[in-house]
Amino acid sequence: DTAVSQTPKYLVTQMGNDKSIKCEQNLGHDTMYWYKQDSKKFLKIMFSYNNKELIINETVPNRFSPKSPDKAHLNLHINSLELGDSAVYFCASSGQPSNIQYFGAGTRLSVL
Amino acid sequence: AQKITQTQPGMFVQEKEAVTLDCTYDTSDPSYGLFWYKQPSSGEMIFLIYQGSYDQQNATEGRYSLNFQKARKSANLVISASQLGDSAMYFCAMRDVMDSSYKLIFGSGTRLLVRP
């Protein structure tokens, strides 16, 4: 069973479109995250949610809106996609006591 | 501000030999955690090993060990008996324990290539 699963794995879309990426974890963790990995492989936190509540939003444009319907899910909706949004987006989760973050397989988003 | 530095963009190692991947960090917080992740060409991020700032002993997980030198602010990853499957990107990361967001700050990564 995959611990942190995100769908889709690949997403190719046109500029201006709206798209969503889904994430689910079956680890019973309280905290979930979205990270963005750019073309140079640099990873940066976007959002952190704890028990469905937003903890951090790291200067991400308003076009990005995370939604957490329950502790096990954290979805990412992106409006009005831009070329610069092309990247790999990773979902992760962590829980007490170790707080080790386990990552999903990533979603490669290509905006044309 | 927290910062992670990985100075080796790429490294080669011969199969079955040991290799050390460097990581230095900067933080003013006394309590923090250090992590290593592996990213193979397939793209997933795989957790390898964790070291807490107050841990007395260096962490080990199978062929992975973390050479933690607190005074030097370094947390190097040592892979023993390298295998072809170890070829991947390796990321060092840090978390401030007092940060309620638990976010990880990542280094720029080291690409390791294991030669047969």
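Only heavy atoms go into these numbers, but all of them, side chains included; no hydrogens, no water, no symmetry mates. Note on naming: letters A, B, ... go to the chains in the order of the sequence lines (proteins, then strands), and numbering restarts at 1 for each one.
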Original post:
Same hydrophobic cluster for A:V60 and A:L83, using side-chain heavy-atom links shorter than 4.5 Å among ILVMFWY?
Top reply: yes
Original post:
Rounded to the nearest 0.5 Å, how far does CZ of B:F47 lie from OH of A:Y102?
Top reply: 5.5 Å
Subject >> Close side-chain approach of B:L104 and A:Y35, heavy atoms under 4.5 Å >> reply: yes
**OP:** Group every Ile, Leu, Val, Met, Phe, Trp and Tyr by side-chain heavy-atom contacts under 4.5 Å, then state whether A:L54 and A:I78 land in the same group.
**Re:** yes
Subject >> Gap separating the CD atom of A:Q96 from the OH atom of B:Y102, nearest 0.5 angstrom >> reply: 4.5 Å
Original post:
Which pair of heavy atoms, one from B:F91 and one from A:Q37, lies closest together, and at what distance?
Top reply: CZ-NE2, 3.6 Å
Original post:
When you look at NZ of B:K16, are more than 12 heavy atoms from neighbouring residues, nucleotides or ligands closer to it than 6.0 Å?
Top reply: no
**OP:** Take B:Y50 and A:Q101 through the side chain to side chain contact (heavy atoms under 4.5 Å, CB included) test and state the conclusion after the steps.
**Re:** CA-CA 10 Å; B:Y50 165 79; A:Q101 291 187 25; over 6 Å; no
Subject >> Shortest non-hydrogen contact between B:Y37 and A:I100, atoms and distance >> reply: OH-CG2, 4.4 Å
**OP:** Following the transitive rule for hydrophobic clusters with a side-chain heavy-atom cut-off under 4.5 Å over Ile, Leu, Val, Met, Phe, Trp and Tyr, establish whether B:V13 and B:L84 coincide in one cluster.
**Re:** yes
Original post:
Highest number of heavy-atom pairs under 4.5 Å with chain A: which of B:G43, B:G33, B:S108?
Top reply: B:G43
Original post:
Roughly how far apart are B:K103 NZ and A:K44 NZ, rounded to 0.5 Å?
Top reply: 8.0 Å
Original post:
At what distance, to the nearest 0.5 angstrom, does CZ of A:F103 lie from CD1 of B:I46?
Top reply: 12.0 Å
Original post:
What part of A:N50 gets closer than 4.5 Å to chain B, counting heavy atoms only: side chain, backbone, both or neither?
Top reply: neither
Subject >> Whether over 12 other heavy atoms sit under 6.0 Å from A:N62 CG >> reply: no
Original post:
About how many Å separate CD of B:E44 and CD of A:Q6, when rounded to the nearest 0.5 Å?
Top reply: 11.0 Å
**OP:** With rounding to the nearest 0.5 Å, note down the distance linking CD1 in B:I4 to CG in A:L43.
**Re:** 12.5 Å
**OP:** Flag yes if more than 12 heavy atoms outside A:K22 fall under 6.0 Å of its NZ atom; otherwise flag no.
**Re:** no
**OP:** Report yes or no: do A:L76 and A:V111 belong to one cluster of Ile/Leu/Val/Met/Phe/Trp/Tyr joined by side chain heavy-atom distances under 4.5 Å?
**Re:** yes
**OP:** Please say whether more than 12 non-hydrogen atoms of neighbouring residues, nucleotides or ligands are located less than 6.0 Å from NZ in A:K9.
**Re:** yes
Subject >> Structural part of B:M45 lying under 4.5 Å from a heavy atom of chain A >> reply: both
Original post:
Cluster question for you: counting only ILVMFWY and a side-chain heavy-atom cut-off of under 4.5 Å, with indirect links fine, are A:F64 and A:I21 together?
Top reply: yes
